[in-house]
Colleague: 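I have a structure I would like to understand better, so I am pasting it below and will then ask my questions one at a time.
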Amino acid sequence: MTEQFSKKAEAWSARFSEPVSDLVKRYTASVFFDKRLAQVDIQGSLAHADMLAHQKIISATDYAAIQKGMAQIQEEISSGKFEWLLDLEDVHLNIEKRLTELVGDAGKRLHTGRSRNDQVATDIRLYLRGAIDDINGLLRELRLSLLALAEKHADTILPGFTHMQVAQPITFGHHILAYVEMFGRDAERMADCRKRVNRLPLGAAALAGTTFPIDRLRVASTLGFDDVCRNSLDAVSDRDFAIEFCAAAALVMTHISRMSEELVIWMSPRVGFIDIADRFCTGSSIMPQKKNPDVPELARGKTGRVNGHLIALLTLMKGQPLAYNKDNQEDKEPLFDTVDTLTDTLRIFADMATGISVKPEAMRAAALQGYATATDLADYLVKKGLPFRDAHEAVALAVRHCVDQGCDLSEMSLEQLQTFSPLVAADVFEVLTLEGSVAARDHIGGTAPRQVRLAIAYLREQLK
Ligand code: ARG
């Protein structure tokens with residue numbers, strides 16, 4: 001009787017009287033996406049088996065057999081010979097079944113004191129920890145590339161914008177450093193998230209813990225976790241660490257997307273501030289003149305899917321009572337795609353930052369339009385004793401005059417300028433130059449070339 005049942009519903013044994021349909025099998029299986037957890041699954045199983053042997057829950061002989069079997073499985077997986085079976089539902093059952101084929105009863109003893117619930121939670125945490133380390137390495141590379149670009153253009157002047165209108169002159173190095181700051185905070189967020197990822201669920205078993213005399217701290221230390229999850233129900237069920245990661249990832253992509261938007265605008269022939277190396281651009285199949293900034297545009301687009309994954313995980317979690325529910329199997333694809341998208345994007349951007357060539361003349365010409373030094377003229381009058389509000393008014397009148405005449409503030413004669421305020425003297429022309437304007441903003445966080453160089457040195461030190 002038992003034999004008959006086990007033939008019908010292989011993974012589940014005697015409890016079941018009929019097999020699931022093929023459609024349900026496909027619907028419930030996760031092996032085709034969770035097989036990417038194979039490496040960490042084996043790593044977790046070996047740490048568990050080591051603990052079982054140490055606690056004399058299994059014999060040393062069984063442990064040795066498990067190690068040997070797992071080594072072969074690892075080899076089969078990396079050489080592509082491992083046969084993944086839909087019938088065995090997920091990565092965990094596939095590996096355990098093969099282990100049992102290879103080493104017999106020792107393989108059947110591996111699951112003692114463990115459940116797939118704490119097993120999968122452990123796997124995801126191990127996987128995510130590795131992904132976070134990769135991502136932080138890439139964020140560092142990207143920042144280093146941007147620092148090199150900023151250094152090259154510490155003195156290059158372009159207009160800074162508010163409301164997409166010329167506001168004040170800034171240095172291109174300063175502009176790029178704004179993104180270095182953003183990616184720096186992103187790295188901090190990832191590192192902070194890692195602390196909560198790096199706790200061990202194993203030992204929670206299905207939900208309540210186990211009757212075996214396990215040593216969770218030993219497993220935690222073998223696997224490099226900082227601590228164990230302190231409540232078994234919480235350990236198997238919550239995916240807040242993955243949600244937190246996706247939120248941090250969405251912010252990285254948001255920063256990438258903002259930068260992309262600027263790259264696209266700057267590269268538009270109408271603006272012409274930069275060019276991006278050909279290897280990051282594509283042409284048009286119909287318009288021979290085109291060179292499109294596809295990479296930044298795609299990255300801007302991919303931000304949407306990463307944001308979507310965050311919402312998917314939040315929604316997945318919100319209705320779940322304690323403890324484990326199968327809903328959680330749906331955590332993997334959004335998480336994997338978030339990691340893949342972010343990793344690829346950062347890798348490309350770190351390289352692309354080295355392929356940005358700047359056109360200082362076009363930037364300069366743009367900075368000379370739009371009365372970018374109007375604030376400098378107002379500040380000049382303030383320093384000569386005029387209250388700021390009055391200075392603002394006087395310069396507003398001067399700008400209005402220039403608009404009518406179609407000239408720049410710096411193109412007016414001294415006499416003309418003096419009609420707006422008798423305080424104007426010959427030294428005014430220094431503050432009306434772009435160089436004077438940026439150099440005057442010489443404090444921590446300001447756009448002066450000197451400050452840009454100091455900021456670069458500070459950031460380089462931090463990135464050591
Ligand atoms: N494939 C499952 C997942 O991803 C593993 C845990 C299954 N546990 C269970 N009780 N059905 O969550």
Side-chain angles (χ1 to χ4, degrees), residues 9-16 19-45 47-48 73 77 82 84-100 108 110-131 197 199-210 219 229 231-243 245-246 309 312-340:
E10 276 168 50
W12 303 119
S13 73
R15 173 68 175 78
F16 288 75
V20 294
S21 73
D22 283 348
L23 178 58
V24 172
K25 226 184 245 177
R26 254 197 298 123
Y27 193 72
T28 54
S30 53
V31 64
F32 291 114
F33 53 84
D34 68 15
K35 65 180 176 188
R36 85 141 82 179
L37 294 172
Q39 207 54 42
V40 287
D41 193 65
I42 292 172
Q43 196 187 344
S45 287
H48 179 66
I73 290 172
I77 293 173
F82 192 91
W84 297 101
L85 297 174
L86 182 74
D87 275 344
L88 292 171
E89 196 178 307
D90 59 24
V91 61
H92 323 292
L93 293 175
N94 268 270
I95 291 179
E96 191 185 319
K97 182 79 190 304
R98 178 70 183 135
L99 182 69
T100 301
K108 292 192 200 161
L110 172 63
H111 212 51
T112 311
R114 182 177 81 167
S115 153
R116 280 187 300 156
N117 297 353
D118 57 345
Q119 185 179 356
V120 72
T122 302
D123 289 5
I124 305 168
R125 284 170 185 263
L126 281 173
Y127 160 80
L128 194 52
R129 184 179 74 187
V197 169
R199 292 174 193 163
L200 175 77
L202 213 61
L207 76 165
T210 172
V219 181
C229 300
N231 178 290
S232 62
L233 301 171
D234 177 43
V236 291
S237 61
D238 206 350
R239 297 291 183 262
D240 61 351
F241 62 92
I243 296 174
F245 167 78
C246 285
H309 294 328
L313 290 195
L314 281 167
T315 312
L316 173 73
M317 209 65 241
K318 79 176 274 290
Q320 288 193 50
L322 290 174
Y324 178 87
N325 303 283
K326 185 81 165 183
D327 311 41
N328 277 341
Q329 181 164 291
E330 285 287 307
D331 64 355
K332 289 172 201 60
E333 286 161 295
L335 187 61
F336 293 160
D337 190 68
T338 300
V339 168
D340 291 346

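Each ligand, and each atom within it, is numbered from 1 in the order the structure gives. Only this structure's heavy atoms are used, side chains among them; waters, hydrogens and symmetry mates stay out.
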Colleague: Please check whether Y324 reaches ligand 1 - meaning an N/O of the residue sits under 3.5 Å from an N/O of the ligand, judged on distance alone.
Modeller: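 Yes.
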Colleague: Before you tell me yes or no, could you show the steps for Q320 and N328 under side-chain hydrogen bond (donor to acceptor under 3.5 Å, both in side chains), namely the whole-Å CA-CA distance, both residues' side-chain angles and the distance that decides it to 0.1 Å?
Modeller: CA-CA 9 Å; Q320 288 193 50; N328 277 341; 2.8 Å; yes
Colleague: Give yes or no for whether the N/O distance cutoff of 3.5 Å, strictly under, is met between H92 and ligand 1.
Modeller: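 Such a contact does not occur with ligand 1.
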Colleague: Pull out every atom of ligand 1 sitting under 4.0 Å from any heavy atom of S30, numbered as shown with elements.
Modeller: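 Answer, ordered by atom number: 1 (N).
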Colleague: May I have the step-by-step check of side chain to side chain contact (heavy atoms under 4.5 Å, CB included) for D240 and M317, ending in yes or no?
Modeller: CA-CA 8 Å; D240 61 351; M317 209 65 241; over 6 Å; no
Colleague: Looking at W84, is its backbone amide N or carbonyl O close enough to the side chain of N94 to form a donor-acceptor pair, meaning the two atoms are under 3.5 Å apart?
Modeller: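 Side chain of N94 to backbone of W84, a donor-acceptor pair under 3.5 Å: no, none is there.
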Colleague: Looking at K332, which atoms of ligand 1 are within less than 4.0 Å of one of its heavy atoms?
Modeller: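 Within the 4.0 Å cut-off of K332, ligand 1 contributes 3 (C), 4 (O), 12 (O).
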Colleague: With salt bridge (Lys or Arg N to Asp or Glu O under 4.0 Å) as the rule and sequence neighbours excluded, what pairs involving residues 313-330 come up?
Modeller: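 Listed once each, the pairs are E89-K326.
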Colleague: Under 4.0 Å from a heavy atom of D90: give me the atoms of ligand 1 that qualify, with their elements.
Modeller: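 Reading through ligand 1 atom by atom, the close ones are 1 (N), 2 (C), 5 (C).
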Colleague: Within the distance-only criterion (no hydrogens, no angle test), does the side chain of D118 pair as donor or acceptor with the backbone N or O of L202 below 3.5 angstrom?
Modeller: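 Here the side-chain-to-backbone pair does not exist.
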Colleague: N/O to N/O below 3.5 Å, does that happen between K326 and ligand 1?
Modeller: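 Such a contact does not occur with ligand 1.
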